[in-house]
Amino acid sequence: MLNREFPYRINVGTDDHPVPIDEDPQARARALQSLLVEAGYVSTDAIDAIVSAYEEDIGPMNGAEVVAKAWTDPDFKARLLTDGTEAIDELGYMGVETADVVVVENTPTVHNVVVCTLCSCFPWELLGLPPTWYKSPAYRAKMVKRPRRTLREAFGAEISEDVEIRVQDTSAEVRYLVLPQRPVGTEHLSLDELADLVTRDSMIGVERMGGKHVEEG
Amino acid sequence: MSDPKYPVGTTVVVTDIQSGGYKRRPDYLLGAIGVVEWVHGVYPDLETGKERYLYHLKFNPADVFDDPEPNASVFLDLWEDALRLPPND
């Protein structure tokens, strides 16, 4: 067992020149990982395997397949919007995350966008690792307060004034996935081709699919 | 478990009660008035295991922020014991 007393003193600066908290989150994460490995709680191999799985194998593909299926199967879409966790479980995509999933639908008059203002809750099993900007204090502060302006200035997503923006401030028990609008002119596409169209950002809600092609308002 | 105390459509106030082992209520919503959009169901607290109703609440940015953007709303999930009815209700 550990012979150090809590709180651990990590030597990252001198008392005269302390390293400000949050200045270097990567260094803090490395320090945390070292302590956990040293204490025998996790192994470096296990961490590498999980990161690699979410970076390379899962990515946003699971979410894109859920969206494509919802676009083509009205019964599945109805189940997805009623009980996201169960519908996604049908496809076998509920992974190691224990949180439930609620799917929120974009329509010609509604645009949903997801943020976690307290930390970085994210549907890993559907979208892979959260992008760095999603975890940044700037995104977390601005998206909740100035969503229309932030979507426009930071993401180039111009949301018409007559479209209601619903900011989903997510937390531990329930993760949110945005169901984007299906672009018109995609009736001939297969399920796989539709899934290829669906971007991670559109499922977070910082991109508005369909808007360029659909007459709104 | 009894029925949820606040059915869909109920107006509630976000209190300063810290109802779990970790912080769940963002500061910007302290004292805010919200409406129950739906009831997620009963969930255990991740740290204490205590089971409580979890609510999906809708807030009007005009009640929360200075200089709010029009035609927007904010949604947040909170535990039942972090909420109360507004006065005179």
Side-chain angles (χ1 to χ4, degrees), chain A residues 81-86 97-105 107-121 137 140-153 157-178 205 216-217, chain B residues 1 4 8 14 16-30 32 34-83:
Chain A
L81 294 174
T82 309
D83 187 339
T85 309
E86 201 172 289
E97 279 250 46
T98 52
D100 279 340
V101 176
V102 165
V103 178
V104 287
E105 184 183 17
T107 70
T109 55
V110 170
H111 182 84
N112 289 277
V113 60
V114 183
V115 62
C116 175
T117 59
L118 283 181
C119 47
S120 56
C121 297
R140 288 154 48 194
K142 287 178 179 172
M143 187 54 84
V144 73
K145 196 170 180 199
R146 299 265 181 275
R148 203 174 303 269
R149 183 170 150 189
T150 306
L151 285 168
R152 183 178 63 241
E153 292 180 357
E158 192 79 47
I159 310 295
S160 168
E161 291 277 338
D162 54 10
V163 173
E164 180 194 358
I165 296 182
R166 296 183 183 167
V167 180
Q168 305 288 346
D169 188 354
T170 179
S171 43
E173 291 72 29
V174 180
R175 302 294 151 89
Y176 290 86
L177 183 79
V178 177
E216 291 183 346
Chain B
M1 198 87 179
V8 170
V14 177
D16 61 357
I17 295 170
Q18 167 73 16
S19 66
Y22 56 98
K23 181 165 180 168
R24 271 301 297 273
R25 181 211 11 94
D27 290 342
Y28 74 90
L29 286 175
L30 176 59
V35 175
V36 176
E37 185 79 359
W38 69 72
V39 184
H40 282 302
V42 174
Y43 286 78
D45 184 280
L46 291 179
E47 289 195 8
T48 63
K50 185 182 166 193
E51 295 201 323
R52 290 162 298 179
Y53 276 103
L54 184 71
Y55 294 85
H56 192 57
L57 303 167
K58 180 176 187 173
F59 299 91
N60 182 350
D63 299 335
V64 179
F65 301 121
D66 298 332
D67 192 19
E69 286 187 349
N71 205 15
S73 42
V74 176
F75 295 80
L76 181 89
D77 298 332
L78 270 181
W79 300 114
E80 185 166 275
D81 50 7
L83 306 171

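Each chain gets a letter, A, B and so on, in the order the sequences are listed, and its residues count up from 1. No hydrogens, no waters, no symmetry mates; every other heavy atom, side chains included, goes into these values.
The residue among A/Val110, A/Asn112, A/Val144, A/Thr170 with the most heavy atom pairs within less than 4.5 Å of chain B is A/Val144. With chain A as the partner, the residue from B/Leu78, B/Leu29, B/Asp27, B/Val74 showing the most heavy-atom pairs under 4.5 Å is B/Val74.
For the pair A/Val102 and B/Trp38, the minimum side-chain heavy-atom distance is below 4.5 Å. Residues A/Asp169 and B/Phe59 fail the side-chain proximity criterion, which asks for heavy atoms closer than 4.5 Å. A/Val174 places none of its side-chain heavy atoms less than 4.5 Å from the side chain of B/His56.
The main-chain N or O of A/Arg149 is found under 3.5 Å from a side-chain atom of B/Glu69 such that the two form a donor-acceptor pair. Using modelled atom types, one side-chain atom of A/Arg148 and one backbone atom of B/Asn71 make a donor-acceptor pair closer than 3.5 Å.
Looking at B/Leu54, the atoms closer than 4.5 Å to chain A (heavy atoms on both sides) all sit in the side chain, from C-beta outward.
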Cut-off 3.5 Å, no hydrogens considered: what does the side-chain donor-acceptor table look like for residues 60-68 of chain B, sequence neighbours left out?
residue: B/Asn60; atom: OD1; partner: B/Ala62; partner atom: N; Å: 3.0

